[in-house]
Each structure stands twice: as structure tokens, then as C-alpha cells.
Amino acid sequence: PVYLFVVAYLGMLIYGAVLAFQQGPTPYAETIPPAAAAGAQTLGLFLILHTFASGCTALTGVEAISNGVPMFRTPEPRNASRVMIIMAVLMTVLFLGSNALTQTFAVYAGPQETILSALSRRILGTGALYVIVQASTLLVLLVAGNTSFAGFPRLASILAQDGYLPRQLSFLGDRLVYSNGMFVLAALTGVLIVVFGGDSHLLIPLFAVGVFIAFTLSQTGMIAHWVKEKGRLWQLKALANTLGMLATGLTMIIVAVSKFLEGAWIVVILIPAFVAGFQAVHRHYETVRHQLTIDHGLPPHLKALPKPRLVIPVSGVHKGTINALRYARSISDNVIAVYVEIEPGRAERMRHDWDKWGLNEFAQLDVVPSPFRSIVGPFLDYLDHTDQVHNDGTLASVILPEFVPAHWWQVAMHNQTAWLLRIALLYRRRRSGKVRAIIDVPMFLRE
């Protein structure tokens, strides 16, 4: 698609230049639509700056090459530099050629037509050549849309490795690409499409401000790099980057001011919010690292913990309960089964079944009444009470018997009490610096 677009567009420019030489320039008065004439503005400083900002925005995109240097063949820097030069030359020719022919033929785009379509229609008519130019433009835009999905996941992985984004974004997927980053970008793209009604023109100010901020920061970083590393002709290189920083910084200010009401104000809010978010993620990872680090090394003799006190919430006598009891007795002799009575009279039936199957040899059965038909709250209160009674310096461990349905759609047909208890126990604030172990004993259903 890129080659087709370049060949078709260059061919159109050459043919248009020949026509312009033969016919001469078209007078503007003959082609200016009434609506365009009515909306004409007096040439002033703000209009010039606004035009400058629009032109700078149109020239962005070359930075994708520098972001993807590792993807080039060896030697990567040399091949990337060559592609950058070719891209700069092509952009210069296409941009200046389009502007020259647009001015020569006095082409104006309609409300539902791009300037490229209007120029192609003026030069080539509406035949097959016009269709080829439009089709190649569509194809190259499809390829360009893929650029973000190649660059954003890689950039997100770098930030994630440095601890400024969630670690999941630094992991390669099964296809050796950063799948999580692609999913995040796809979700954000969907949000932008919905918020801006699918009008890509409204996104240009957001992109322009963001990209020129990035350009300015990268140029500033290169200045610091040359000052720190020195090297051959570092003063000249630092001067070049200084000029680049001033140019991109000035452009960023002009774009932000001239397009502020067109949507650039959103970026002014979003970028500080993103930076604050990155800092919050980084602080979290630093806190986690500090808490997990063994500062003074391992103790010379690790003292084994005593066998735990085990508490098992049970809903009845069934195979899931038996499996949990067998596992509990394999690691401790101090096992208590707890039945939360949410319906009056059910406790007697539970005690009868417990005695009938001889489960008292495995665990003591305690019944906790629940007048408000709640399971989680009374069970947590029971744990707190038993911990206070034993007062042995540890919290009782909880074994959760749980059966797993054979099909995903069957999950909604059960109350998921074990899941609720696990969440309540896991995210309950620890007390006195102690933690409570939670052990799942799943039973997989066949059908």
C-alpha cells in the first residue's frame, strides 16, 4: 500500500505540474465557493500561527521510525537513518507539491471531501486514475493506523519495566507481542471514538499538543545527554538539539494556544493526570519492593511454625466437605467445622448427619446462629472470637471447600459462598500484625 500510494501520488503530482505549465494558474475568483468567500478571514498574526500549527501537525508521523529502530535489520541505526532520510524527502516532495498544485489550480475541498480528493479530481477527473489514488490513500491510512499498535505496546512495556505502569504491560503474549498493551490501546481507541463521535479531525489538536511535547522533551533529553557524555563534536550536536528544542517547544506553544478551544485543552488536563497516575503506580511498586525486601538477610535458624488451628466453613455433609476434612487432618489435629445456621431448625439436621457419618472423629462441629440470614459476617465474628479465646499468637487458618462447575455458564447457578468468604478474608485488614492463611480445596464436577 505504501509503494502504491507513493507511485500514484507522485504520478499525479508530475501530471499536475505538466498541466499547470500548459494551462497556467487558475484565477481564485473563478473557483472560490460562496461559503468559503463568506468565511474568509483577514490575514493576521493569529491566522498565520494557526496555519503554522496545522502545517506542523501534518508533518508529524516520522517519529514512528525512531520508535521502531530495534525492528530494523542489522545494522539497525544505519537502516533506520536511511529510512528516515527517505521519509523526510518523500514528505517534503509530497507536501510542497500538493500545496503548489492546490494553489495553482485554486482547489477547495468540499464539506464532505478531503483536499487530496479535490486535487486528484481536479487533475485526473473522476476516472480510473482518480479511483487508484483514493484507494491507495485508503490503504496507506489503514497501514498508518497500525503504527500505534506497534509503538504504544512497546513504549508501555518500557514504562512498565521501570515501574510506572502495571507490570502486566511488560509481558509478551503467546504471539511474542505485547498483547496486553494492544488490548489497552484498543479499549482507549474505542473510548475516543465514542467520546468524539468518530470524527478524527477533532482528535488532531490532542495529537498535535501531545506529540510536540514529546518532541520537546526528547530534544531536551539529548541536550542533557551530550553535556553529560561529551564526545566528538558534542557542542555542535548539543546546538542542533537546542535548536530542535526551541523549534518544537515554540510549535507546541503555538498549537496549544491556537487549537486550545478546538480540543487542546483536554490534553492540558490529561497529561498532568497521566503523570500523576504514573507516579502513583511507581510509588506503589516502590512500597511493595520495600515491604518484600529482606534487609538483614535470612536468620541463621528458621523456626518452624506450630501446626495451625484450622477452621472449615461447611454447608452440609457431602463429598466436598469430606475432601476438605481429609486435607485438614493431614496438616493439623486441631480442626473445627463451622456451620452457619441461616434457617432455624437446620442445625439439628446438620448435627444428626455429622454424628451419623462419624465425622466427630475428624473435626468438632460448631453451629453459629445467623438471625439475619447472613453467612460472611457471623463466620468472621466466630473467627475473631476463637482467636481471642485461644490467644496463642496466631490466627486460625481457613480451609474453604469449593466445588467447580464443569461449564462456565453454570457458575451463575450457584451462590458462590466460598468466593465471598475468600474475598472478605483476603481484603480484611490484618490485626496486630498477624495474617490469616486461606486454603482452597476444590472439587471439580464432571457434568
Side-chain angles (χ1 to χ4, degrees), residues 304-392 394-428 430-431 434-447:
L305 294 174
K307 288 188 177 181
R309 292 182 291 107
L310 300 178
V311 176
I312 308 175
V314 295
S315 59
V317 178
H318 48 72
K319 291 183 178 179
T321 301
I322 300 301
N323 291 338
L325 287 173
R326 293 178 60 191
Y327 177 78
R329 286 303 300 268
S330 69
I331 61 177
S332 178
D333 296 328
N334 190 355
V335 181
I336 302 176
V338 177
Y339 176 75
V340 179
E341 185 185 28
I342 59 177
E343 295 183 13
R346 295 294 298 270
E348 293 301 324
R349 177 64 182 271
M350 182 65 186
R351 288 193 180 97
H352 175 269
D353 292 340
W354 199 263
D355 295 335
K356 174 183 176 181
W357 294 102
L359 298 183
N360 286 314
E361 298 180 4
F362 291 87
Q364 169 190 335
L365 177 64
D366 286 350
V367 175
V368 177
S370 177
F372 298 104
R373 298 178 180 271
S374 173
I375 294 179
V376 177
F379 181 73
L380 296 180
D381 293 338
Y382 174 85
L383 290 176
D384 293 338
H385 175 70
T386 56
D387 290 335
Q388 293 176 1
V389 171
H390 286 83
N391 194 24
D392 54 2
T394 62
L395 302 181
S397 300
V398 178
I399 292 184
L400 296 175
E402 179 179 12
F403 63 88
V404 181
H407 304 284
W408 64 268
W409 53 269
Q410 297 173 343
V411 174
M413 301 169 63
H414 304 278
N415 54 19
Q416 302 300 320
T417 304
W419 181 81
L420 294 174
L421 286 173
R422 186 188 309 111
I423 295 298
L425 291 168
L426 187 62
Y427 290 99
R428 200 181 192 200
R430 63 185 184 274
R431 300 182 179 180
K434 305 169 187 175
V435 294
R436 189 186 307 280
I438 307 170
I439 304 173
D440 275 328
V441 181
M443 177 181 176
F444 294 92
L445 304 180
R446 291 191 298 271
E447 297 179 359

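Here the structure is a predicted model, which means the values were calculated and not measured.
- Looking at Glu341, its side chain does come within 3.5 Å of a backbone N or O of Ala347 through a donor-acceptor pair.
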Apply the test side-chain contact (heavy atoms from CB on, under 4.5 Å) to residues Leu380 and Leu425: give CA-CA distance (whole Å), side-chain angles for both, the deciding distance (0.1 Å), then the verdict.
-> CA-CA 8 Å; Leu380 296 180; Leu425 291 168; 3.3 Å; yes

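- Note on residues 355-366: pairs passing side chain to side chain donor-acceptor pair (under 3.5 Å), not counting sequence neighbours, are Trp354-Asn360, Asp355-Asn360, Gln364-Asp366, Asp366-Tyr382.
- Rounding to the nearest 0.5 Å places CD1 of Ile399 at 12.0 Å from CD1 of Ile336.
- The nearest pair of heavy atoms linking Leu365 to Val314 is CD1-CG2, 4.3 Å.
- In terms of heavy atoms, Ala406 sits closest to Leu445 at CB-O, 3.5 Å.
- Within the structure, every pair that satisfies the salt bridge (Lys or Arg N to Asp or Glu O under 4.0 Å) test and touches residues 309-327, not counting sequence neighbours, is listed here: Arg309-Asp387, Arg309-Asp392.
- For the side chain to side chain contact (heavy atoms under 4.5 Å, CB included) criterion with Leu400, the lone passing option out of Ile439, Val441, Ile438 is Ile438.
- Every side-chain contact (heavy atoms from CB on, under 4.5 Å) that Ile375 has, sequence neighbours left out, goes to Val340, Ile342, Thr417.
- Within the model, atoms CD1 of Ile312 and OG of Ser397 stand 11.0 Å from one another, a figure rounded to the nearest 0.5 Å.
- Closest non-hydrogen pair, Ser370 versus Ser374, comes out as OG-O, 2.5 Å.
- Shown here is His318, whose NE2 atom has more than 12 heavy atoms of other residues, nucleotides or ligands within 6.0 Å.
- Gln416 contributes no side-chain N or O that, together with a main-chain N or O of Leu420, makes up a donor-acceptor pair within less than 3.5 Å.
- A distance of 11.0 Å separates CH2 of Trp419 from CG of Leu426, quoted to the nearest 0.5 Å.
- Arg422 has its side chain within reach of Glu402: a pair of non-hydrogen atoms, C-beta onward, lies under 4.5 Å apart.
- Nearest heavy-atom pair across Ile331 and Pro308 is O-CD, 4.1 Å.
- Proximity of a side-chain donor or acceptor of Ser332 to a complementary backbone N or O of Lys307 within less than 3.5 Å is not detected.
- Arg436 places a side-chain N or O within 3.5 Å of a backbone atom of Ala396 that can act as its donor or acceptor partner.
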Decide yes or no on side-chain contact (heavy atoms from CB on, under 4.5 Å) for Arg346 and Tyr339, but give the supporting numbers first.
-> CA-CA 10 Å; Arg346 295 294 298 270; Tyr339 176 75; 3.4 Å; yes

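- Between Leu383 and Phe379, the closest side-chain pair of non-hydrogen atoms falls below 4.5 Å.
- Considering every non-hydrogen atom in both Met443 and Gly320, the closest pair reads SD-N, 3.7 Å.
- Within the model, atoms CZ of Arg351 and CG of Leu359 stand 14.5 Å from one another, a figure rounded to the nearest 0.5 Å.
- A donor-acceptor pair under 3.5 Å is formed between the side chain of Arg329 and the backbone N or O of Phe362.
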